[in-house]
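In what follows, a single structure is set out as structure tokens and then discussed.
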Amino acid sequence: MNYYLTAIEGMPKLLEPAGEVLASFKKPLYADAFSKMYQRHVSTFDALEKGCQMVIDKDQYLINMAEALVKEAAGRVEECRRRAEKERVLMDLNLQMAAYVLPMILEYRGESSRPLAEKVIEAWKREFPKTNLHAACYQEIEQGFHKKFCYITTAACQVLGKPDDCRELTVLREYRDTYLASLPEGEKIIRRYYDVAPSIVKHINQQQDSETVYQNIWKIYLQPCIDLIDADRPEECRILYEEMVNSLEEKYFMA
């Protein structure tokens, strides 16, 4: 069996049709969707691992695999004629990479898995330098539906070019984990947010003016929330943040 050929032909296929994949990126569906997707591609990871064990230059081998995947993504972006459409497709690809492809690579847990994930991120950032892709495992993504990810804020920060450890995200995460979690209804508020936020982000990303939407969210809601936290007015921040979630849910949430 030609493991190299099987693996390099399988790498681009890890990027399944975005609409079908992202439709399952919500709390009740993600675990089952991830498991089924992983099983569809495990033969690629098997071939990749066996091929990597046989070659002398493992580094170049993994670079070739990463570039095959990124080439597929670049081709999908280039097929778009309008800039807004290119940006929307790229944001969908980023989400698919972060939520499914990189976690699948890590889930295989072979000797090549972590090095391959690193090569994929390196190749991705060379092709799409404005992106901020990170490798998270399946368990981290799944737990994020329950308590960890600031989906809307993270998406807005990415559009504004802010890193995942920026002050704004740190302030809002600490606010969530301290003040909000301490309220009698705090856990209910947090749980509701994580039930709807992934779908809101997904559907904003499908808008041609998604960058403008996130910029407006930042201006109208997120920056004022941070200012209220800084001014030691946490309850006013809660009211404004809930107003944001309610407004975005009404406009963008789709079950």
Side-chain angles (χ1 to χ4, degrees), residues 1-25 29-79 86 89-145 149 158 164 198 202 205:
M1 180 178 180
N2 190 327
Y3 295 121
Y4 179 88
L5 184 61
T6 300
I8 205 162
E9 288 181 348
M11 288 299 293
K13 297 176 183 177
L14 298 180
L15 288 170
E16 297 189 1
E20 299 173 17
V21 173
L22 299 183
S24 64
F25 189 58
L29 305 177
Y30 177 67
D32 184 58
F34 179 87
S35 177
K36 290 178 179 178
M37 189 173 179
Y38 177 78
Q39 291 302 318
R40 287 197 294 271
H41 297 289
V42 71
S43 60
T44 295
F45 301 132
D46 283 337
L48 193 151
E49 179 75 9
K50 291 174 182 177
C52 191
Q53 292 172 357
M54 296 171 62
V55 299
I56 296 174
D57 192 344
K58 300 182 187 300
D59 195 60
Q60 186 60 53
Y61 176 89
L62 295 176
I63 289 173
N64 293 348
M65 296 298 161
E67 289 180 346
L69 174 63
V70 174
K71 183 179 179 180
E72 170 67 18
R76 294 191 190 184
V77 173
E78 285 304 313
E79 286 177 357
K86 289 179 184 289
V89 169
L90 179 55
M91 292 189 76
D92 284 351
L93 287 167
N94 278 326
L95 180 55
Q96 185 176 174
M97 288 290 295
Y100 291 93
V101 177
L102 287 167
M104 283 196 301
I105 291 172
L106 296 176
E107 183 71 13
Y108 187 76
R109 300 175 189 175
E111 291 182 11
S112 65
S113 298
R114 175 62 66 175
L116 174 62
E118 292 171 356
K119 296 298 183 188
V120 167
I121 291 173
E122 290 172 6
W124 194 270
K125 289 183 177 179
R126 283 195 301 271
E127 183 67 34
F128 309 114
K130 293 183 179 180
T131 59
N132 189 27
L133 195 63
H134 296 279
C137 66
Y138 162 76
Q139 288 78 12
E140 291 172 313
I141 303 292
E142 171 63 16
Q143 290 170 7
F145 278 105
F149 288 175
Q158 287 176 344
D164 187 60
K202 180 185 71 177
N205 290 349

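Since we're looking at a predicted model, the values are computed, not measured.
- Heavy atoms only, all atoms of each residue included: Asn64 and Ile8 are closest at O-CD1, 4.0 Å.
- The OG atom of Ser112 sits 7.5 Å away from the CD atom of Gln53 when rounded to the nearest 0.5 Å.
- Between the side chain of Glu107 and the main chain of Cys137, no donor-acceptor pair closer than 3.5 Å is present.
- If you take CG on Asn94 and CG on Asn205, they are separated by 9.0 Å, rounding to the nearest 0.5 Å.
- Relative ring orientation between Phe34 and Tyr138 is described as parallel, the plane-to-plane angle staying below 30° on a 0-90° scale split at 30° and 60°.
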| request: Mind running side chain to side chain contact (heavy atoms under 4.5 Å, CB included) on His41 and Glu16 for me, showing each step along the way? | output: CA-CA 10 Å; His41 297 289; Glu16 297 189 1; 2.7 Å; yes
| message | Before you tell me yes or no, could you show the steps for Val120 and Met65 under side chain to side chain contact (heavy atoms under 4.5 Å, CB included), namely the whole-Å CA-CA distance, both residues' side-chain angles and the distance that decides it to 0.1 Å? | response | CA-CA 8 Å; Val120 167; Met65 296 298 161; over 6 Å; no
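- For Glu111, the CD atom is loosely surrounded, since the number of other residues' heavy atoms within 6.0 Å does not exceed 12.
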| request: For the pair Leu14 and Met104, evaluate side chain to side chain contact (heavy atoms under 4.5 Å, CB included) and give the outcome as yes or no after the intermediate values. | output: CA-CA 9 Å; Leu14 298 180; Met104 283 196 301; 4.2 Å; yes
Sequence neighbours excluded and cut-off under 3.5 Å, please list the side-chain donor-acceptor pairs for residues 67-75, or say none.
{"from": "Glu72", "atom 1": "OE2", "to": "Arg76", "atom 2": "NE", "distance (Å)": "3.0"}
{"from": "Glu72", "atom 1": "OE2", "to": "Arg76", "atom 2": "NH2", "distance (Å)": "3.4"}

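- The CG atom of Leu116 lies 10.0 Å from the CD1 atom of Ile121; values are rounded to the nearest 0.5 Å.
- To the nearest 0.5 Å, atoms NZ (Lys50) and CZ (Phe45) are separated by 14.5 Å.
- Formation of a donor-acceptor pair under 3.5 Å by the Thr6 side chain with backbone atoms of Asn2 is found in this model.
- Distance alone, capped at 3.5 Å, is enough to place a donor-acceptor pair between the Lys58 side chain and the Cys52 backbone.
- Expressed to the nearest 0.5 Å, how far NZ of Lys86 lies from CD of Glu79 amounts to 9.5 Å.
- Every salt bridge (charged side-chain N to carboxylate O under 4.0 Å, His left out) that Asp32 has, sequence neighbours left out, goes to Lys36.
- Across Tyr100 and Ser24, no two heavy atoms sit closer than the pair OH-OG, 2.8 Å.
- Sparse packing is recorded around CZ of Arg114, with 12 or fewer heavy atoms of other residues, nucleotides or ligands lying under 6.0 Å away.
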| request: List the steps, then state whether side chain to side chain contact (heavy atoms under 4.5 Å, CB included) holds for Trp124 with Leu93. | output: CA-CA 11 Å; Trp124 194 270; Leu93 287 167; 4.0 Å; yes
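- For the residue pair Gln96 and Asp92, no side-chain donor N or O sits within less than 3.5 Å of a side-chain acceptor on the partner.
- Between the side chain of Tyr61 and the main chain of Leu48, a donor-acceptor pair closer than 3.5 Å is present.
- Note: Glu118 CD to Ser113 OG = 11.0 Å, rounded to the nearest 0.5 Å.
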